[in-house]
Structures are given as structure tokens and as C-alpha cells.
Protein chains: 2
Amino acid sequence: MKKKITLKQIARELEVSISTVSKALKNSKEISKDTTEKIQAFAKLYHYKPNNIALSLKNKRTRNIGVIIPDIVHHFFTTVFRGIEQYADTKGYNVIACVSDESFEKEVINMEMLANGSIDGFILALSAETQQKKDFHHLMEIIDQGMPLVLFDRVADEVVCDKVVINDFEASYMATKKLIENGRKRIALITTESYLNVSEKRAQGYYKALKDHDLELDENLILRLPYQFEDEKKSEAFFASTIMDAVLCVNEIFAVRAMRIAQGNGKKIPEDIAFIGFTDGILSKLANPALTSIAQHGEQMGKVAAKMLIEKIERDDEIQQVESFKTAVIEATLIERESTINQIK
Amino acid sequence: MKKKITLKQIARELEVSISTVSKALKNSKEISKDTTEKIQAFAKLYHYKPNNIALSLKNKRTRNIGVIIPDIVHHFFTTVFRGIEQYADTKGYNVIACVSDESFEKEVINMEMLANGSIDGFILALSAETQQKKDFHHLMEIIDQGMPLVLFDRVADEVVCDKVVINDFEASYMATKKLIENGRKRIALITTESYLNVSEKRAQGYYKALKDHDLELDENLILRLPYQFEDEKKSEAFFASTIMDAVLCVNEIFAVRAMRIAQGNGKKIPEDIAFIGFTDGILSKLANPALTSIAQHGEQMGKVAAKMLIEKIERDDEIQQVESFKTAVIEATLIERESTINQIK
DNA sequence: TATCAACACGAAACCGTTTTCGTTGTTAAC
DNA sequence: GTTAACAACGAAAACGGTTTCGTGTTGATA
């Protein structure tokens, strides 16, 4: 077993000083050609690579970025993560991933763990609990320390920092409008409890579209489900008791579940009921019938977030200019598939 | 903006030495009660937290573990990752996640990046390309450096280290047997090209089950698809030209796709054709009909892998005993759903 | 009063780098 | 024959901690 070799060992072995070795490896012209070659040959032979930790300590930058997401087993977050990882990779950054599990406390703990030197900046989507409590002191502290932070998807107006979101309101408006134009009159909305800012915005888009097309808002057409808990009973009761000809869902899981219940009740999709869901993941593509959905372009979102973060990190190194924060908006796209394709009657 | 405070600053401010501050914060009995209290109060006021990088350099351990997976947007790997992250979290470790994208080169580069001090150990599933090339020199080097390594799922016999796998052979055997016992005679297998060791093992289990039940192996019943590339044409041709009453698929995506094609051809599931897939993910649960599948227990796999790794890391600290490597086998479970539930005829 | 332990603290080494600032020895210029 | 310039290298500080090993001051003891 050969432990990694250090500058000191090379220096001792070759009977030169540590500084000479360091300089030789960087092709400094201070060092003679002879010595340089000798040192480089030796270093190569022993696979010398500088120790990242020592470099981090010296340079005060780790080339690590911290990503905290509420849930990794969730298609949307996974794609965002992938975008982040891909972009970070091209820039020579590593990604430390933490999962908050929708818990405020885990979010805080994870942030504290990483904030003490392990990373150069954060990319984060707020946990459900954090959004509910509206307690953002941990984020404020991070910002106050001068550590770059980018919020994505689950953002909060109270936190002043760079953000990446999709145009939830407009996308939802557009989807609802599409259903209306297809002749649907009784359009249901299946959403989460309202503390999630994205669900709220999507609901707003739905309201506005109804209003603009002179359809009245019927509270009976709205089903609010707990975010993760699978409340099949509630959904079944909803479908049994409600007359509708279209459904808009704030995520694809809700949509696919709802489709199955409707089909179980003998409804034809899209003839009797049309469906549209947010999150264009594998579920939408492989559902039966294939689900029309709103692509959130998670991967692109991740890329943009990573780009914003890394730019800020590397700009911080230069000069401390006036702080300015941007919010990037990714345009959602409606992907039409079988669940809406046929015009009604 | 308040940058993080250091021991040195506290020492200067309180006019004591750095060592005194360090000791006081650790409640060393060397330091008087007065001084200790004063220092602790000051430290608390300024939210002092030791710098992780400095600690890592000193202690030669980072409390980071590196995870390299072929693809994060893949339900199975995602669940494994989650298991790793959860367990690591309880032990105070962070997880640095890299995606090899099934590429040998990215796998090597990622490993080299992390191996220079950034982490204390690796958890890794081989990329498809690595398995194809059978080039494991990068893993050998890591092992040679004395860095703990745990391979999971996509493992290789040539690499001597700790491993976590599922009993692919037995699970496949069991699933095939189940189909046979249900009266199925012509059981198809949809698998990947054979360089993936897991697919190979699953195919072997399938062969063995057929043989043990006096069913002959018909090559026409086997469809080999490229791992990621979606070859709809090939699948459609397969279903159009082949008579079968059951299908075993090496992953749930293949299974759900296949079900849709079969349904498109007017087949009833499970009456005409039964389906079983590997990977019990959300797709299986929400497919229509719900897919009977083999749960690989990714989360548990991740936990076990993380446990093995962390134990090795922390044991390394103590004494250098004789190296011994284990292979943990996670038992797969068959989850029966609608796609197989009815007995044939 | 000399001796000694206990107490409370500081100096310095160390982890592995980078980098600034000497310090040599040689050579060219005057 | 001085001096200045330069080439080639080393010493040391710095990054932010931990830890070992002094050391000076007390108070108690013989």
C-alpha cells in the first residue's frame, strides 16, 4: 500500500527544499532546467498530485458547491441536480449533496455543516417545512457571511439572493387556457396544501385563466392533497362526488394517480376527462394514456443555477463590487400527449 | 458582512494565546474557569465554528465520502443514493456525488479529482463503459493507496474490495418460476446487451428456471436492447413477430414500455401476457396495470454500503489489521401486482 | 526558607501547500 | 578589482486548527 506522496517527501528524497519542488512542478523559471526535469520525473513516477485540502486551506476556496434539496427521489429535483452536477463538472467543481427531507431542522443542520469551510456556495430549494414556518434565519446568516447562495424552484421573497424559477403562473394559465379552448367547462385542480409557493402560483394561474374566460371558480373542483402522504381515499371520494371534464395537477404523480382512479370509474381519457400535469418526467411519457404535461426543464434550471453560483463565487474573488441579485426565469413548455389530444365532442 | 471568525481573532481580541482559546473551547481542565467562560461567551457571540478544512488537514480525515453513480436520473440509483446520504448523515458524513454518465473517462476523472484528499472513501457503481472495457486500473490505484472502496450493484470480480449486490440470479429465477407456475409457457426476456453484469446474472436465472421446469430456451423469445437508447422499432417488431404469454424485463422502464406496445397490439394484461420487471419504482406502482416487480431495495443497499464504508474508514484510523473484504447480498423481493395476478385460463 | 506539585497559560510543531523574500555563488560590466 | 546583476535555490510565513511540551506563578509542605 502506497500512501499518497507529498512535496516534503519528494524534497527529502531529492535533497532539495520544499519550495524548490513546488516551483519546479509549476515550471517556475526560478528553477534550473536540470532540477525541474529531475523533480518532474520523480513526481510523475510517484503519481504526485497536490493535496486538495491543503490547497483549499491556502486558497480559501474548495471548488465544492453544496446542494440541498428536499427530496432526491423525486424526478424534478433529480433532474435539477443532474444539471447542477453537469455544469459544475465542466467548471471543475464538485457537488456535495444533502437531502433535507422536507424538514426545517435537517435543512439548518446540513447548512451549518457545510458552511464552515466545506464549500464555496450553496444551491438550495426550500424544504416544505421551511416554507411553512417562514423561518429563514439560517439563510440570512449564510448571506451575511458573504457566502453566495442560489435558490431554485422553492424560493421565498423574504430571502434576498439569486434565484431560478419557472414561470409557474403563466404555465398554469396557459395549460388551463388550453383546456378551456378545447371545450372543457368543468376543470378540476389537484394541488398541495398551499404553503408551497409553487403550488400557490400554479393555483393563481388556474384562477386567472378561468376568470378571463368567464368560467366561475368552483371550490368543489379543487382537491388539496398533503404533499407526500398518499391519500387515496380522499382522491377517490373526490372523483366519485365531482363532475368534471378536465383536471390540472401540480405534479405528474398526482396526475397519474388521478388518471388511474378516473379510469377505474369507467371514464375514458381524454374523451370524458382530459388531464394535464406539471413535471414532464418519465411517468408522464410512459403513462397510459401518455400524459400531457408541463415541462419544467429541471436540467436547464440546474445548469443556470450552477452558472449563476459559480460566476458569483469567482467574481467574489476579484473585487467586492456592489451586490446585485438576479432572478432567472425558465420558460415552462407544454408537451401535448394523449391525455388531452382529442377535442371534446 | 461578517466573515467567519477564527481562533486567532478571538485570541487577539481577548489577549490570550491561540492555544488557550482552543483548549477553552474544548473545556480543557488546563484552563481556568474564568478564562474558559469568557472565551466561550465570546465565541458564542460571534458564532465561532471551527473551520472544517483546517480540521481535515490536521486530522487527515474529511468526513466526506465520494459517491460515483452512472446516472442520477434513474430510480434505482437515486434510491441507493438516498440510502447512502441518510446513513452518512447520521454518522456526520457528507456525500460528494458525481455522475459518470456511463462513461469510463468521466468515472476516472471524477475519481482522480476526489482521491486527492477530498474524501475518506468511495462508494461506486461501475459505468457501463467500464464494465465493457473491463479496465479497472483506476480502482486498483485507489485501493492501493489504502482508500476504502465499496462497489454496489454494478460490481466486478476483478476488483477486490467490499461489495453490495442483490441476488440477481435467484431473484430472476424466482420470478421466472412464478410465471411458470402460473401456467405460462412462452416466457420472453427483455434485457440489455450483455456486458452489464447484472443483466447477465438475471438472464442466467431465467435460463436456469426454464431448464429446471423442462421449458426449452428459445432465442426468439429474447430481446436485447441497448441500455439507454430507446429502440421502439425493435421492440415493436419483437412483439409483432413473437408469440408469448409472459415477459420478464431487467428493469421497469423496459417493462412499462413493453406493456404499452403489447396493449397497443390489443393484448390484455395479464390475461394474454403477464409482465414482471426488475426495479420496484414509482413507475411500477403507477403503471396501468400496476406492474409486478422485483424490489431491489436500493435504499437499504445504500445504507449497507455506507455502513460498510464508514466502518472501514473508522477502523483504518485505529490499527492496520489484515485486510478482509465482504460482499453483502441484499435479498430481492417479488412484489405482486396486477400485471401477473390472474392465473392463465 | 528551600522544595515541589499544581495550576494556568504560551510557544511551537504539525498537517501540505504556495509565495514572498532573502541568500548564496557566478558572471558581466566598468 | 570592485560592483552590479542575475541565476538558482532555501527559509519562513501563511491558511486555521490541535496538541505536546515547556514555563512562570502560586501555595503548601518539610
Using whole Å, what does the distance between atom C1' of nucleotide dC15(D) and atom NZ of Lys4(B) come to? 16 Å
Can you see if the side chain of Thr6(B) gets near the phosphate of dC15(D) - specifically, an N or O under 4.0 Å from OP1 or OP2? no
N/O donor to acceptor pairs below 3.5 angstrom from side-chain atoms of residues 151-161 of chain B, sequence neighbours left out:
residue, atom, partner, partner atom, Å
Arg154(B), NH1, Glu102(B), OE1, 3.2
Arg154(B), NH1, Leu126(B), O, 2.7
Arg154(B), NH2, Glu102(B), OE2, 2.9

First and last nucleotide of DNA chain C, 5' to 3', lying under 4.0 Å from heavy atoms of chain B: dA8(C) to dG16(C)
Between His74(A) and Phe77(A), what is the ring plane arrangement, given parallel below 30°, perpendicular above 60°, and tilted in between? tilted
Assign Ser56(A) to base, sugar-phosphate, or nothing according to its heavy-atom contacts below 4.0 angstrom with the strands shown. nothing
How long is the gap from NZ on Lys23(B) to OG1 on Thr20(B), to the nearest 0.5 Å? 6.0 Å
Enclosure of Lys303(A) NZ (heavy-atom neighbours >12, cutoff 6.0 Å): yes
Does Lys106(B) have more than 12 heavy atoms from other residues, nucleotides or ligands lying within 6.0 Å of its NZ? yes
In residues 7-31 of chain B, what residues come within less than 4.0 Å of DNA chain C, judged by heavy atoms? Val16(B), Ser17(B), Ser19(B), Thr20(B), Lys23(B), Glu30(B), Ile31(B)
In this structure, how many angstroms lie between the C1' atom of dG10(D) and the CD1 atom of Ile39(A), rounded? 12 Å
Taken to the nearest whole Å, CG/Leu57(B) to P/dA14(D) is 17 Å
Which distance, rounded to the nearest 0.5 Å, do you find between the CG of Asp101(A) and the CD1 of Ile68(A)? 12.0 Å
Would you give the length of the straight line joining atom CE of Met147(B) to atom CE of Met111(B), rounded to the nearest 0.5 angstrom? 8.5 Å
Please check if the number of heavy atoms outside Lys91(A) that lie under 6.0 Å from its NZ is greater than 12. no
Mind calculating the distance between NZ (Lys58(A)) and P (dC15(D)) to the nearest angstrom? 8 Å
Figure out the CG/P separation between Asn52(B) and dT18(D), and round it to whole Å. 11 Å
Quick one: does Ile65(A)'s side chain get under 4.5 Å of Ile313(A)'s, heavy atoms only? yes
When the distance from CG of Asn59(B) to P of dG16(D) is rounded to whole Å, what number comes out? 16 Å
Starting from C1' on dG17(D), measure out to NZ on Lys60(A) and report it in whole angstrom. 13 Å
